[in-house]
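To start, the structure itself, in structure tokens.
In listed order, ligands and their atoms are each counted from 1. Numbers for residues simply follow the sequence, beginning at 1.
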Amino acid sequence: MRLDKFLANSGVGTRSEVKRFIKDKRVKVNGEVVKSDSFNVDETKDVVLFDDLEVKYKEFYYVLLNKPKGYVSAAIDNVYPPVTDLIPEYAFAKLNPVGRLDVDTTGALLLTNDGDLSHKLISPKYHVDKVYEVEVDKKLDSKLVEAFKQGIELDGEPTFPAELIIINDKHAELTLHQGKFHQVKRMFKKFGYNVLSLNRKAFAFLTVNDLKLGEHRELTIEEEQRLKSL
Ligand code: URA
């Protein structure tokens, strides 16, 4: 791989910035200053230093965000800022959200540039658990528990069995194993409820308990492996 690409993909700078760093002799490969940006590096074994600090090459990034309200789970939108605005330091990696949370939904949102894993995680085949905290506009009826477990009709087909736990009059926890557009809101709407607030507590085994709204962190290697083996 070209040295400038290696450095840009590793987050050292934009393609033009890293070209300048190379010209300015700030980059070494295996102990030698390299002055050509087209120099070929083997990312599996060459040691690349920028200002004498080692640059570790990573192809894929996995970032867990505690999404606040007011951001869209997309790269571009005409009205709201995209969630990627909250993680500008990963702009070079072109991360995309895995699935969607509505603008007014908060909570666990994974972003990655690993397209294969992303497809797998949003595929209905893999039934990744998603746990939502829901607040509705009127007293919850216990008959919803059985109805959601049986599945209700959305888009002409029954939803997968879902687990509803009623916490109190207007608050519940709902675990879904699929991810249809506006699924939680539409499921409650079928029974005449409006969802007033929605927070995703967990996506698969990933929770955002350690993150404030708007904060993010990279997954650990163990979490990355666990996601891949789901
Ligand atoms: N279901 C919804 O209705 N909205 C979300 O953001 C996520 C699930």
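Residues passing the side-chain hydrogen bond (donor to acceptor under 3.5 Å, both in side chains) test with Glu153, sequence neighbours excluded: none. With sequence neighbours left out, Arg226 forms a side-chain hydrogen bond (donor to acceptor under 3.5 Å, both in side chains) with no residue at all. Under the side-chain hydrogen bond (donor to acceptor under 3.5 Å, both in side chains) criterion, His127 pairs with no residue, sequence neighbours left out.
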Where does ligand 1 get N/O contacts under 3.5 Å from the protein, atom by atom?
| from | atom 1 | to | atom 2 | distance (Å) |
| --- | --- | --- | --- | --- |
| ligand 1 | 1 (N) | Gln183 | N | 3.4 |
| ligand 1 | 1 (N) | Val184 | N | 3.1 |
| ligand 1 | 3 (O) | His182 | O | 3.2 |
| ligand 1 | 3 (O) | Val184 | N | 3.3 |
| ligand 1 | 3 (O) | Lys185 | N | 3.1 |
| ligand 1 | 4 (N) | Asp102 | OD2 | 2.7 |
| ligand 1 | 6 (O) | Asp102 | N | 2.7 |
| ligand 1 | 6 (O) | Asp102 | OD2 | 3.4 |
| ligand 1 | 6 (O) | Thr105 | OG1 | 2.8 |

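Side chain to side chain, Thr175 and Asp129 fail the donor-acceptor criterion of an N or O pair below 3.5 Å.
Judged by a 6.0 Å distance limit and a 45° cone about the ring axis, Lys190 is not positioned over the six-membered ring of Phe188.
Of the residues listed (Lys69, Lys67, Lys185), the one engaging Asp104 in a salt bridge (Lys or Arg N to Asp or Glu O under 4.0 Å) is Lys185, and it is the only one.
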